[in-house]
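In what follows, a structure is listed as structure tokens, so that the remarks can point back to it.
Along the sequence shown, residues carry numbers from 1. Keep in mind that this is a model prediction, so the values were computed, not measured.
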Amino acid sequence: LAIHYQPQARITGEVIGFEALMRWQHTKRGMIPPGTFIPLAEESGLIVPMGEWIMREACQQAASWPEPLQVAINLSPVQFHHGDLTGLVHTVLLETGLAPSRLELEITEGVLIGDFSRAVSILRRLKALGVRIAMDDFGTGYSSLSYLQSFPFDKIKIDRTFISNLEHNPQSATIVRAVIGLARGLELPVVAEGVETQDQLAF
């Protein structure tokens with residue numbers, strides 16, 4: 001496994017942090033896409049030790065960066081059901097010396113489906129450590145709006161499918177406008193995933 005970093009930047013181009021992405025370089029098959037191996041890892045339970053590895057590795061690397069930039073790490077719903085997630089994050093922060101305010105944990109609404117009250121309780125404990133919580137893939141699920149009311153997220157992320165379709169699909173443009181408007185009303189910053197062209201940036 002290896003970590004690849006995707007920059008997160010302000011609209012001006014100033015890089016403010018990086019999202020840590022897990023990649024699998026197979027000895028014979030080459031680069032295995034995360035869409036292939038992450039679901040298998042979740043199904044088998046291997047995502048728990050893998051998640052612990054990326055948490056420790058990314059925080060350790062971020063702590064050595066010359067600038068105090070943020071590092072964002074994705075959490076799997078499986079990690080909420082197995083083990084002591086809050087304890088892990090607390091231990092890793094102590095071990096690596098990374099300031100909690102520099103760590104952002106990204107969840108999808110899959111974390112909140114099922115045992116909602118338990119998930120929110122864990123999220124509140126994580127926030128109490130001083131880390132930030134972002135709602136990932138916003139707009140792709142069913143209950144995102146009610147979840148925004150139930151938990152004080154620090155950021156919402158617009159899924160890359162909406163961004164990649166901006167120029168060809170009027171519905172995508174409408175959804176992106178609506179999410180940004182909603183976030184303004186809630187005073188939440190927004191990350192638009194996958195902005196790769198000047199036209200997307202201008203939008």
What I'd like to find out is whether the side chain of [X] reaches to under 4.5 Å of the side chain of [Y], using heavy atoms alone.
X: Cys59; Y: Val89; value: no
X: Leu182; Y: Phe138; value: yes
X: Met55; Y: Leu105; value: yes
X: Gln61; Y: Phe18; value: no
X: Leu112; Y: Phe80; value: no
X: Val176; Y: Ile180; value: yes

Listed by chain and number, what are the side-chain hydrogen bond (donor to acceptor under 3.5 Å, both in side chains) partners of Glu95, not counting sequence neighbours?
-> Arg56
By side-chain hydrogen bond (donor to acceptor under 3.5 Å, both in side chains) - contacts of Gln171 (at least two apart) |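 Once residues adjacent in sequence are excluded, Gln171 has no partner under the side-chain hydrogen bond (donor to acceptor under 3.5 Å, both in side chains) criterion.
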Going from [atom1] on [X] to [atom2] on [Y], what distance comes out if it is rounded to the nearest 0.5 angstrom?
X: Thr12; Y: Leu201; atom1: OG1; atom2: CG; value: 9.5 Å
X: Leu103; Y: Ile73; atom1: CG; atom2: CD1; value: 5.0 Å
X: Tyr147; Y: Thr108; atom1: OH; atom2: OG1; value: 10.0 Å
X: Asn74; Y: Asp137; atom1: CG; atom2: CG; value: 8.0 Å

Taking distance alone, no hydrogens or angles, what donor-acceptor pairs closer than 3.5 Å link side-chain atoms of residues 20-31 to residues at least two apart or in another chain?
residue : atom : partner : partner atom : Å
His26   : ND1  : Lys28   : N            : 3.0
His26   : ND1  : Arg29   : N            : 3.1

Give a yes or no on this: more than 12 heavy atoms of other residues, nucleotides or ligands lie within 6.0 Å of atom CZ of Arg184.
-> no
State yes or no: do [X] and [Y] share one hydrophobic cluster built from I, L, V, M, F, W and Y residues joined by side-chain heavy-atom distances below 4.5 Å, directly or via other members?
X: Ile16; Y: Val195; value: no
X: Leu40; Y: Leu1; value: no
X: Val191; Y: Val15; value: no
X: Leu88; Y: Leu94; value: no

In short, side-chain hydrogen bond (donor to acceptor under 3.5 Å, both in side chains) pairs touching residues 31-50 with sequence neighbours left out are Glu42-Ser76
Return a table of donor-acceptor pairs under 3.5 angstrom between the side chains of residues 122-132 and protein atoms on other chains or two or more places apart.
residue : atom : partner : partner atom : Å
Arg124  : NH2  : Ser150  : O            : 3.3
Arg125  : NH1  : Ser121  : OG           : 2.9
Lys127  : NZ   : Pro152  : O            : 2.8
Lys127  : NZ   : Asp154  : OD1          : 3.1
Lys127  : NZ   : Asp154  : OD2          : 3.4
Arg132  : NE   : Glu104  : OE1          : 3.4

Could you pull out the closest heavy-atom pair between [X] and [Y], with the gap in Å?
X: Phe153; Y: Met135; result: CD2-N, 3.7 Å
X: Gln79; Y: Leu85; result: O-CB, 4.0 Å
X: Gly17; Y: Leu69; result: CA-CB, 4.0 Å

Any donor and acceptor pair, going by atom type alone, linking the side chain of His90 with main-chain N or O of Thr86 inside 3.5 Å?
->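 No.
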Tabulate below the donor-acceptor pairs under 3.5 Å that side-chain atoms of residues 156-168 make, not counting sequence neighbours, or state none.
residue : atom : partner : partner atom : Å
Lys157  : NZ   : Glu19   : OE1          : 3.0
Lys157  : NZ   : Glu106  : OE1          : 2.9
Lys157  : NZ   : Glu106  : OE2          : 2.8
Lys157  : NZ   : Glu193  : OE2          : 3.1
Asp159  : OD2  : Thr161  : N            : 3.2
Asp159  : OD2  : Thr161  : OG1          : 2.5
Arg160  : NH2  : Glu196  : OE2          : 3.4
Ser164  : OG   : Arg160  : O            : 3.2
Ser164  : OG   : Thr161  : O            : 3.1
Asn165  : ND2  : Thr161  : O            : 3.0
Glu167  : OE2  : Thr197  : OG1          : 3.4

